[in-house]
Amino acid sequence: IKEVKKVHKSANYLYLQIIDNIMIMKRFIHKIVAIFLLCFLVAGSTVKAQQFKPNTEIGVLLGASYYLGDLNTTHFNQSLPAGGLVIKKNIDRRFAYKAEAMLINLYSDERNSDNKIESDRGLHFSNNLFQEDAGGLPLMELSAQVEFNFLPYDPGNPLYTWTPFVYTGISIFNFNPEAENKNGEWVDLQGLGTEGQGTTAFPDRKKYSLIQFAIPLGGGVKIALNKSVNIIFEYSTRKTFTDYLDDVSTTYPGNNLTDMSQASWEMSDPNGTHLTGAQRGNPDKKDWYSFAGITLSFKLANKTKGCDY
């Protein structure tokens, strides 16, 4: 009987303890619910803040350009000012696509070269807005590009404020090489056919088109100055499919062609020291042009809903 009473007493004690705990939980249940709701709202706000909103930015490019080809084989040699405008659509933190319009100044001049072979050839060309007395225009380019960020990039988010990047795409450009004749006048070279283009002696040599395609290849580093402004350092080069940016590609046509004007052969061989068929350029290597510079871009305001990436 004593054992039964002892068990009964323990059961009553346990029951009372459970009732007390339930009463305590009731008093604090609203506080617990409030804490859970607050955590949920904070977590939701954090996720929303981390979402990327697709956006558009516009920018201005300024820098220097140069050409690589038969008259120049050294990077950054004879560089000239260049610039352009860019509009970019950032679709997430890694990828963007953009359109660019650029003015590229190019030239090269062998007339005062210390290299005996170059000075003997004595060729030069200009596709340069700043060429004195030339009155020419720069190479004008339009391009469409796809850009990839090596790191997530999201201006305004302190976690993603900079990244290296690369890009490629397709470009179309218009060029028109000019040179100075012995009278000090700048003339268009393409129309002269300085390598016998359009003559009966060289029926396989056609006048090259002044509108060409290229493949842009570039990269650099972009840094978010704030949520709306970016500064971008980049270097890019263009692989062209022409060997006539400089109007130099194959061999000298000579000065005895009946259907080639005197002005043409004078511009073909300014010093008159090369025989017919002598090598003037290398047709196996196409010309390139390159740009290095800085872009300052500005994000446009938009109300696009985004997604995390």
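Because the structure is a prediction, the values reported are computed rather than measured.
- The existence of a salt bridge linking Lys222 and Glu147 is confirmed by a sub-4.0 Å separation between a basic side-chain nitrogen and an acidic carboxylate oxygen.
- Looking at Leu85 and Ile58, their side chains never come closer than 4.5 Å, going by heavy atoms from C-beta outward.
- Checking Asp243 against Ser249 by side-chain atom types alone, a donor-acceptor pair falls below 3.5 Å.
- Separation of atoms CD1 (Ile215) and OG1 (Thr168) is listed at 6.5 Å; rounding is to 0.5 Å.
- Taking each heavy atom of Ser65 and Pro81 in turn, the nearest pair found is OG-O, 4.0 Å.
- With hydrogens and angles ignored, the 3.5 Å screen pairs a side-chain donor or acceptor of Gln197 with a backbone N or O of Glu195.
- Residue Glu100 holds its CD atom at 12.0 Å from CD1 of Ile87, rounded to the nearest 0.5 Å.
- Looking at Gln145, its side chain never comes within 3.5 Å of a backbone N or O of Ile170 through a donor-acceptor pair.
- For the pair Lys88 and Tyr97, the NZ or CZ position fails the cation-pi test of under 6.0 Å to the six-membered ring centre and within 45 degrees of the ring normal.
- In this structure, Arg111 pairs ionically with Asp109, as a charged nitrogen and a carboxylate oxygen lie closer than 4.0 Å.
- Using a 3.5 Å distance cut-off with no hydrogens or angles, the side chains of Gln279 and Tyr252 do not pair a donor with an acceptor.
- When side chains are defined from C-beta on, Ile231 does not count as touching Thr295, because their heavy atoms never get closer than 4.5 Å.
- Between the CD1 atom of Ile294 and the CG atom of Leu296 there is a distance of 9.0 Å, given to the nearest 0.5 Å.
- Using a 4.5 Å heavy-atom threshold, the side chains of His75 and Tyr235 count as touching.
- Using a 4.5 Å heavy-atom cutoff, the side chains of Glu141 and Tyr289 are in contact.
- Contact detail for Gly122 and Pro270: the closest heavy-atom pair is O-CG, 3.6 Å.
- Although no hydrogens or angles enter the test, the distance criterion places a donor-acceptor pair under 3.5 Å between the side chain of Asn226 and the main chain of Ser228.
- Note: Phe150 and Phe148 have perpendicular aromatic rings, judged against thresholds of 30 and 60 degrees for the angle between ring planes.
- Listed here is the closest heavy atom pair of Gln212 and Thr242: CD-CB, 3.8 Å.
- No donor-acceptor pair closer than 3.5 Å links the side chain of Lys98 to the backbone N or O of Val146.
- Residues Asp247 and Leu192 fail the side-chain proximity criterion, which asks for heavy atoms closer than 4.5 Å.
- A donor-acceptor contact shorter than 3.5 Å is absent between the side chain of Glu180 and the backbone of Trp186.
- By the 4.0 Å N-to-carboxylate-O rule, Lys299 lies too far from Glu57 to be salt-bridged with it.
- For Arg205 and Thr251, the side-chain atoms include at least one donor-acceptor pair closer than 3.5 Å.
- Of all the heavy atoms in Thr199 and Gly196, the pair that sits closest is OG1-O, 2.7 Å.
- Atom OG1 of residue Thr74 and atom CG of residue Asn72 lie 5.5 Å apart, to the nearest 0.5 angstrom.
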Determine whether Asn90 and Tyr153 satisfy the following criterion, side chain to side chain donor-acceptor pair (under 3.5 Å), listing intermediate values before the conclusion.
CA-CA 10 Å; Asn90 299 298; Tyr153 185 70; over 6 Å; no
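- Across every non-hydrogen atom of Pro138 and Asn105, the tightest pair is CB-OD1, 3.3 Å.
- Remark: Lys239 is positioned above the aromatic ring of Phe241, its terminal NZ or CZ atom under 6.0 angstrom from the ring centre and at most 45 degrees off the axis.
- Using a 4.0 Å cut-off between charged nitrogen and carboxylate oxygen, Lys116 and Glu118 do not count as a salt-bridge pair.
- Checked by atom type and distance alone, the side chain of Thr194 never pairs as donor or acceptor with a backbone atom of Ser264 at under 3.5 Å.
- By the 4.5 Å heavy-atom criterion applied to side chains, Pro283 and Thr250 are counted as neighbours.
- There is a path of hydrophobic side-chain contacts, each under 4.5 Å, that joins Phe291 to Tyr67.
- Arg93 pairs in a side chain to side chain contact (heavy atoms under 4.5 Å, CB included) with only one of the listed residues (Thr163, Leu151, Asp154, Leu159), which is Asp154.
- Within the 4.5 Å cutoff, the side chain of Ser108 has heavy atoms near those of the Phe125 side chain.
- Of the candidates Phe76, Tyr107, Trp288, Tyr66 forms a ring pair (Phe, Tyr, Trp, His ring centres under 6.0 Å) with just one, namely Phe76.
- Between the side chains of Thr200 and Asp259, at least one donor N or O sits under 3.5 Å from an acceptor N or O.
- Here the CG atom belonging to Asp287 is positioned 8.5 Å from the CG atom belonging to Leu68, to the nearest 0.5 angstrom.
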